[in-house]
Structures are given as C-alpha cells and as structure tokens.
Amino acid sequence: MKTGLRTRIEIIQGDITKLKVDAIVNAANSSLLGGGGVDGAIHRGAGPQLLEYCRRLNGCPTGEAKISPGFNLPAKYVIHTVGPVWRGGNNNEEKLLANCYINSLLIAVENRIRTIAFPAISTGVYGFPLESAANIALTESKKILDDNNMIDKIIFVCFDVYTLRVYEKLIESVLP
Ligand code: APR
C-alpha cells in the first residue's frame with residue numbers, strides 16, 4: 001500500500017521509554033538480561049519484573065527478536081532484538097541489522113501491535129555507522145508497511161539531534 005506511508009512513519013527526538021505505544025523495541029544484547037544505553041533505560045522504566053521475565057526467554061541470537069510485556073512502561077509490550085556489533089562490514093552486519101527490523105515487525109504483526117517505536121539499533125555501543133543503519137531501518141520498515149495494513153504507525157525515536165537529522169534526511173530518499 002503506497003499511499004499514506006508518510007503518515008505511517010514518524011521520526012521524533014526523545015526517550016523511547018516515555019512513549020505510550022503498543023510496543024517499543026529494545027536494542028538488547030544476546031543475553032536479554034539488560035545492559036546500558038536504551039536497554040538500560042527500558043529495564044529501569046519497566047522495573048524488575050522485566051528482567052525476571054527475560055530470564056525465562058533464554059537469550060536471543062543476533063538479528064532475531066522476542067517479545068515481553070512492558071510492565072511499568074507506558075508501552076504495552078517490549079520487543080527485544082539484538083543488533084549486530086559493527087566489525088567493519090564484512091560479517092553480514094547489514095543483513096543482520098535488517099533482520100532485526102524484519103523480525104521485530106513480524107512479531108508485531110503476529111501480536112496485533114499497531115503502533116511500534118524503534119531506537120536506532122546498533123548505532124550506539126555496537127558502533128554501526130549511523131547513516132547506513134538508518135537507511136536499513138527506513139528501507140525495511142517501508143517494505144513491511146507496503147506489504148500489509150496491520151501496522152498503523154512506526155515511530156523512529158532518535159535520542160540525539162544528530163541521529164534525528166540523519167533520519168530526516170534519509171526519509172526523503174526512502175519515501176519519495
Ligand atoms: N530512547 C531512545 N533511544 C535511546 C535511549 C532512549 N532512552 N537511550 C539510548 N538511545 C539510543 C542511543 O543514543 C543510540 O542512538 O539508542 C541507540 C542505540 O544505542 P545503544 O543503546 O548503545 O544500543 P546498541 O548500539 O544497539 O548496543 C547494544 O548496548 O546497552 C547495551 O545491552 C545493550 O549490549 C547491548 C548494546
């Protein structure tokens with residue numbers, strides 16, 4: 001569905017833990033037992049029940065995703081996905097990052113999630129070049145939105161203004 005894509009993709013600057021959406025996506029590590037960055041913020045916002053729940057998920061391979069309740073967060077669900085660590089670009093990093101968006105969105109569709117927010121996965125501690133990561137995020141999300149109407153809105157939450165500017169520049173080329 002080509003029409004209306006611009007209304008179904010939003011780019012904002014902010015703290016993803018504050019968003020009252022059906023699901024927020026966590027840039028987790030493969031243990032799913034918390035960490036720093038957005039992972040730490042989400043666990044702080046959700047409270048200790050999230051860690052207890054995630055212990056039973058038995059981790060998550062890079063590029064895949066698992067869902068949990070949001071507990072004390074305003075969001076109903078957290079979709080935990082594990083981005084690739086950037087190792088120079090010859091270790092299938094781009095495909096693995098694309099899989100994070102694809103698998104998170106597939107879980108969203110399966111769980112009848114209609115509004116979902118993503119951080120800039122892998123662009124922090126994991127060192128993935130921001131422009132390339134943002135292009136992958138926008139391109140893969142557009143493909144899923146084109147293919148089905150199950151998701152009403154995807155919000156890309158940029159924590160800093162530099163990230164915001166990159167997403168805003170790239171969306172002009174991804175969504176003509
Ligand atoms: N809301 C939105 N975005 C945030 C927030 C927040 N509250 N906090 C951080 N970010 C942004 C960062 O600024 C960056 O743009 O999320 C993006 C991803 O950065 P990281 O959180 O460092 O995630 P990532 O690069 O995928 O590294 C994952 O870091 O925290 C650990 O346990 C995590 O081992 C895993 C690794």
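One-based numbering, in listed order, for ligands and for the atoms of each. Residue indices begin at 1 and follow the sequence shown. Nothing here was measured: the structure is a model prediction, and the numbers come from that model.
- Given atom 33 (C) of ligand 1, the protein heavy atom at minimum distance is Asp39 OD2, 3.6 Å.
- Between Ala28 and ligand 1, not a single N/O pair is under 3.5 Å apart.
- Gly36 O, 2.7 Å is the protein heavy atom nearest to atom 30 (O) of ligand 1.
- Of the N or O atoms in Ser122, one or more lie within a sub-3.5 Å distance of an N or O in ligand 1.
- Looking at Asp146 and Lys142, a side-chain N of the basic residue comes within less than 4.0 Å of a carboxylate O on the acidic one, giving a salt bridge.
- The nearest heavy-atom contact from the protein to atom 17 (C) of ligand 1 is Ala120 O, 3.4 Å.
- The side-chain hydrogen bond (donor to acceptor under 3.5 Å, both in side chains) contacts involving residues 67-82 comprise Asn26-His80, Ser68-His80, where partners must be two or more places apart or lie in separate chains.
- Here the heavy atom of the protein found nearest to atom 22 (O) of ligand 1 is Val125 N, 2.9 Å.
- Scanning the protein for heavy atoms near atom 25 (O) of ligand 1, the closest one is Gly124 N, 2.8 Å.
- Closest to atom 11 (C) of ligand 1 among all protein heavy atoms lies Phe159 CB, 3.9 Å.
- Nearest protein neighbour of atom 7 (N) of ligand 1, counting heavy atoms only, is Asp15 OD1, 3.0 Å.
- Residue Ala41 touches ligand 1 through its side chain alone, judged by heavy-atom distances below 4.0 Å.
- The shortest N/O to N/O separation between Gly127 and ligand 1 does not fall below 3.5 Å.
- Aromatic ring pairs are classed by plane angle as parallel below 30°, tilted from 30° to 60° and perpendicular above 60°; the pair Phe118 and Tyr101 is tilted.
- For ligand 1, the atoms sitting less than 4.0 Å from at least one non-hydrogen atom of Ala27 are 23 (O), 26 (O), 28 (C), 33 (C), numbered in the order shown with element in parentheses.
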